[in-house]
Amino acid sequence: MFIIRRSLLINPAFSWRGFCSPPINNKLFVGGLSWSVDEKSLKDAFSSYGEVTEVRIMYDKDTGRTRGFGFVHFSKADEAQCAKDAMDGKAFLGRPLRISFALDKVRGASVVVPRFSSVGDAAKRDN
DNA sequence: GGTGAGCGA
């Protein structure tokens, strides 16, 4: 029924290139950060959408500057979903944010980063 | 330097 389709439109958990993107965890990968962004300003910005338990920004040990991405931990996955929907694509300190759910990386193994269009590619073939 | 995936329990 079309009521289902309308639910897909109004629910951010069901929109990712027109495909399902449920909150898989309460951690967000945040890319596209400005070079001058720091953890406290990032936490302050994301705290408006939920309880931020931890913020970690990756720094280059050689230059001491940020690598332009980081991770934000929320108390609840629902809050992470809300913050992602609200902040993704929004300008922060002059640069648009690129947010997605964090893929858990275990010590000693490289994180498997699927191309952010692999699922969408399947959806396009279906379309 | 701008399409990017860490750290510590």
Side-chain angles (χ1 to χ4, degrees):
Chain A
M1 302 297 279
F2 60 90
I3 187 67
I4 303 297
R5 178 173 296 274
R6 189 170 67 173
S7 297
L8 298 181
L9 293 177
I10 65 178
N11 193 336
F14 291 99
S15 63
W16 183 46
R17 289 180 172 272
F19 217 75
C20 295
S21 178
I24 42 190
N25 51 40
N26 62 332
K27 284 146 289 192
L28 257 42
F29 170 89
V30 183
L33 292 173
S34 174
W35 306 127
S36 49
V37 74
D38 52 44
E39 296 183 352
K40 63 178 183 303
S41 58
L42 191 65
K43 180 180 186 297
D44 182 70
F46 278 77
S47 295
S48 302
Y49 305 95
E51 183 182 352
V52 178
T53 59
E54 184 177 352
V55 174
R56 193 189 307 276
I57 294 181
M58 310 318 300
Y59 292 91
D60 189 304
K61 62 180 180 59
D62 295 324
T63 65
R65 309 302 173 184
T66 76
R67 293 173 60 186
F69 72 95
F71 297 87
V72 178
H73 294 216
F74 279 88
S75 171
K76 304 175 188 63
D78 179 60
E79 297 173 341
Q81 170 67 61
C82 180
K84 172 181 177 298
D85 181 64
M87 297 293 290
D88 191 17
K90 303 297 182 180
F92 185 64
L93 299 185
R95 283 291 180 176
L97 263 42
R98 302 270 179 183
I99 307 179
S100 67
F101 284 100
L103 307 175
D104 199 9
K105 173 183 176 297
V106 297
R107 174 173 45 83
S110 300
V111 59
V112 50
V113 182
R115 291 196 57 177
F116 292 89
S117 57
S118 55
V119 179
D121 183 71
K124 282 187 292 187
R125 288 193 296 110
D126 181 71
N127 184 27

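The chains referred to below are lettered A, B, ... by the order of the sequence lines, with proteins before strands, and numbering in each begins at 1.
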For DNA chain B, what residues of residues 43-59 of chain A have any heavy atom nearer than 4.0 Å? A/R56, A/M58
Verify the cluster assignment for A/W35 and A/M58: are they in a single hydrophobic cluster under the rule of side-chain heavy atoms below 4.5 Å apart? no
Which heavy atom of A/S41 sits nearest to which heavy atom of A/L93, and what is that distance? OG-CD1, 4.4 Å
Considering heavy-atom distances to DNA chain B, does A/I99 or A/R67 have its closest nucleotide positioned more toward the 5' end? A/R67
Where do A/E39 and A/I57 come nearest, in terms of heavy atoms and distance? OE2-N, 3.1 Å
Whole Å only: how far is the CH2 atom of A/W35 from the P atom of B/dT3? 9 Å
Closest contact, heavy atoms only, A/D62 versus A/D60: N-OD1, 2.7 Å
Once you round it to whole Å, what is the distance between C1' of B/dG2 and CZ of A/R65? 17 Å
Starting at atom CG of A/D60, determine the distance to atom P of B/dG1, rounded to an integer number of angstrom. 12 Å
Of the options B/dG4, B/dG6, B/dG2, whose atoms approach the side-chain atoms of A/F71 most closely? B/dG6
Between A/D78 and A/K76 (salt bridge meaning N to carboxylate O under 4.0 Å), is one present in this structure? no
Is there aromatic stacking of A/F69 against B/dA5, centre distance under 5.5 Å, plane angle under 30°? no
Run the ring-ring contact (aromatic ring centres under 6.0 Å, His included) test against A/F71 and tell me which residues pass, sequence neighbours left out. A/F29
Rounding to an integer number of Å, can you tell me how far A/H73 NE2 sits from B/dA9 P? 13 Å
Looking only at side-chain atoms of A/R98, point me to the closest of B/dG2, B/dG1, B/dG4. B/dG4
Taking CG from A/L33 and C1' from B/dA5, how many angstroms apart are they, rounded to a whole number? 13 Å
May I have the list of side-chain donor-acceptor pairs in residues 42-55 of chain A shorter than 3.5 Å, sequence neighbours left out?
residue : atom : partner : partner atom : Å
A/S47   : OG   : A/K43   : O            : 2.6
A/T53   : OG1  : A/H73   : O            : 3.2
A/E54   : OE2  : A/R56   : NH2          : 2.5

Roughly, in whole Å, what's the span from CD in A/E39 to C1' in B/dC7? 11 Å
Taking CG from A/N25 and C1' from B/dG6, how many angstroms apart are they, rounded to a whole number? 14 Å
Atom-pair distance (CZ on A/F101; P on B/dA5), nearest Å: 19 Å
